[in-house]
There are 2 protein chains.
Amino acid sequence: MKIEKTNRISLVEQVVSQMESLIESGAWAVGTRLPPEMELMERFDVSRNTLREAVRALVHGGLLQTKQGSGTRVCSSSVLGAAIERRLHKSNLLETLEVRHALEREAARLAAVRRSEEDVQQLRLQMDACLKAIQANDHQAYVEADIQLHQVIAAASHNNLLIDLYEHMTDALHSSVRNLVELTSCTDVHQRIHGKLVDGIIAQNEDGAAEAVNEYMAHLKETLSKSLEEL
Amino acid sequence: MKIEKTNRISLVEQVVSQMESLIESGAWAVGTRLPPEMELMERFDVSRNTLREAVRALVHGGLLQTKQGSGTRVCSSSVLGAAIERRLHKSNLLETLEVRHALEREAARLAAVRRSEEDVQQLRLQMDACLKAIQANDHQAYVEADIQLHQVIAAASHNNLLIDLYEHMTDALHSSVRNLVELTSCTDVHQRIHGKLVDGIIAQNEDGAAEAVNEYMAHLKETLSKSLEEL
DNA sequence: CACCTCAAAATTGTAGGATGATTGGTTCGT
DNA sequence: ACGAACCAATCATCCTACAATTTTGAGGTG
């Protein structure tokens with residue numbers, strides 16, 4: 001006979017779960033303002049205290065944000081993302097870049113092995129977008145296309161955990177990354193390395209793709225240290 | 001003049017911060033039972049609701065665990081660790097191993113570049129521990145020494161973010177890893193690769209260390225797929 | 001003494017109400 | 001039209017009370 005363990009789930013955790021589902025499913029999209037506490041109390045059929053404890057848990061988790069007198073809003077849809085973001089604030093840019101390097105290299109290797117035909121198509125598409133941005137000399141568009149391209153590469157690894165971590169890291173880094181990419185984008189080097197990376201993945205050349213990532217990150221780190229020297 | 005309106009920190013968050021500090025500092029070590037709510041109310045000078053919201057936030061964050069009628073206990077000392085652990089439950093072992101591969105390879109490369117003399121000493125010490133465990137044919141001790149060795153390698157990278165991520169991943173994986181290592185530890189291959197890895201780091205041979213990690217992970221993945229076939 | 005039973009104490013869980021503080025919009029006077 | 005004063009909505013904090021659960025210990029029984 002199996003003893004019923006702590007199967008008792010507190011009301012608060014039940015409410016938290018339901019709210020998390022609503023947020024992750026997009027029913028409560030990022031930016032949405034939640035109904036006031038009174039309505040939520042009725043909706044979940046719990047007391048004020050219970051509801052507030054649930055909301056507070058999500059606030060501390062980084063998914064919600066409350067403002068006295070104004071209301072409660074959704075400010076993120078991922079617990080992991082919020083946790084990583086908080087941790088990254090305590091790290092310097094170089095540390096973060098090194099971890100990104102690790103993830104991106106592995107993503108490139110896996111992508112080279114596992115990329116599907118759709119992945120290849122997506123890669124070509126994003127490369128075109130980069131090229132067009134360069135020809136139009138539109139830095140803003142290039143930065144966006146660049147970030148997108150790297151997301152596509154990560155996606156081609158078909159490792160959901162890796163994709164998640166990578167996405168959250170670049171999310172948290174987006175401002176710094178944008179600046180860095182903007183600094184480097186003026187050179188042809190950047191785009192040449194992109195080409196080598198994408199070609200490697202398409203040709204299923206694992207080592208070639210990994211080597212391209214190494215070059216890419218070396219270039220990024222160099223630019224970073226140069227821009228730091230200027231200060 | 002910069003207006004800092006958002007400087008208003010809620011009482012709950014203040015209490016949460018203090019408790020987090022107590023936990024991270026070790027004043028409330030993992031496993032410790034917290035004082036009852038009444039005492040904490042007086043200690044932090046807040047009402048029961050406020051205190052409970054703070055506790056609930058930490059419970060949901062994975063740092064605390066409450067049991068009605070029994071009390072509240074510390075069950076983890078890191079928010080990031082708890083978040084990663086939860087995410088890992090949704091991933092399969094292969095995905096997790098691949099990410100660990102990425103982190104460990106980067107750690108080895110950085111360690112080869114940055115290892116200090118103390119690091120070298122620590123590495124030699126842990127290698128000895130592994131050897132002794134093998135000679136004593138003590139599997140339990142070998143597994144522990146193996147995990148310790150890899151932690152030392154990560155530490156030698158001198159990248160705190162990387163160290164954190166790696167530690168939390170292996171923490172969350174500990175049971176699976178223990179089993180895997182136990183399966184592989186009977187062969188000499190495992191120890192030979194360890195030797196190559198440590199030698200590479202000590203000799204500051206970046207590529208050699210990275211190659212050793214590749215071999216190590218390949219061996220681990222092979223063992224994993226074999227053990228999965230048996231089911 | 002050893003062991004079981006059960007009641008009481010300790011502790012967290014849930015409910016409901018009251019008041020203060022902040023925000024955003026509205027109204028009103030100029 | 002513009003700014004100041006007001007007002008309503010909303011969250012923040014505190015309080016009390018009771019329920020549910022676990023631990024503890026007293027008392028009985030063999």
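We name chains A, B, ... by the order of the sequence lines, and we start the count at 1 in each one.
- Atom pair B/Leu11:CG and C/dT22:C1' shows a separation of 15 Å (rounding to whole Å applied).
- At the heavy-atom level, B/Val55 lies nowhere under 4.0 Å from the strands shown.
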Any N/O pairs under 3.5 Å between the protein and nucleotides 18-21 of chain C? List them or say none.
residue	atom	partner	partner atom	Å
C/dA18	N6	A/Arg48	NH1	3.2
C/dG20	N2	A/Gln68	OE1	3.0
C/dA21	N3	A/Gln68	OE1	3.0

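- Listed by residue number, the members of residues 33-41 of chain A with any heavy atom below 4.0 angstrom from DNA chain D are A/Arg33, A/Pro36, A/Glu37.
- One donor-acceptor pair, N or O on each side, does fall under 3.5 Å between the base of C/dG16 and the side chain of A/Asn49.
- Every residue meeting the side chain to side chain donor-acceptor pair (under 3.5 Å) condition with B/Glu106, not counting sequence neighbours, appears here in chain and number order: A/Arg105.
- The CZ atom of B/Phe44 sits 18 Å away from the C1' atom of D/dC14 (whole-angstrom rounding).
- With respect to A/Glu39 and A/Arg43, no salt bridge is recorded, no charged nitrogen being found less than 4.0 Å from a carboxylate O.
- When rounded to the nearest whole Å, the span between CD of A/Glu42 and P of D/dT10 equals 12 Å.
- Residue A/Ser47 has no polar side-chain atom (N or O) positioned under 4.0 Å from OP1 or OP2 of C/dT14.
- Residues forming a side-chain contact (heavy atoms from CB on, under 4.5 Å) with B/Ala82 (at least two apart in sequence, or on another chain): none.
- Judged as a side chain to side chain donor-acceptor pair (under 3.5 Å), the pairs with a partner in residues 72-81 of chain A (not counting sequence neighbours) are, in order, A/Ser78-A/His168.
- The two residues B/Leu162 and B/Ser157 make their nearest non-hydrogen contact at CD2-OG, 3.9 Å.
- With sequence neighbours left out, the side-chain contact (heavy atoms from CB on, under 4.5 Å) criterion links B/Glu95 to A/Asn159, A/Asn160, A/Leu161, B/Ser91, B/Asn92.
- The CG-P distance, from A/Leu58 to D/dC11, rounds to 14 Å in whole Å.
- Between A/Thr50 and C/dA15 there is a side-chain polar atom (N or O) within less than 4.0 angstrom of OP1 or OP2.
- Within the structure, the side chain to side chain donor-acceptor pair (under 3.5 Å) test picks out the following pairs touching residues 9-33 of chain A (sequence neighbours left out): A/Glu20-B/His60.
- What separates CZ of B/Arg56 from P of C/dA15 is a distance of 12 Å, to the nearest Å.
- Residues satisfying the side chain to side chain donor-acceptor pair (under 3.5 Å) criterion with B/Arg114, sequence neighbours excluded, are A/Glu98.
- Residues A/Val12 and A/Ser70 both approach DNA chain C. Their nearest nucleotides, taken by heavy-atom distance, put A/Val12 toward the 5′ side.
- Residue A/Arg52 contributes atom CZ, which lies 14 Å from atom C1' of C/dG17 at whole-angstrom precision.
- Contact between A/Cys130 and A/Gln191 at its shortest, heavy atoms only, is CB-NE2, 3.8 Å.
- Considering only residues two or more places apart in sequence or on other chains, A/Met41 meets the side-chain contact (heavy atoms from CB on, under 4.5 Å) condition with A/Met38, A/Arg48, A/Leu51.
- At whole-Å resolution of the value, CD in B/Gln65 and C1' in D/dT22 are 14 Å apart.
- For D/dA20, the OP1/OP2 oxygens have no side-chain nitrogen or oxygen of B/Lys67 closer than 4.0 Å.
- Neither OP1 nor OP2 of D/dT10 sits under 4.0 Å from any side-chain N or O of A/Thr66.
- The separation between A/Glu13 atom CD and D/dA20 atom C1' is 17 Å, rounded to whole Å.
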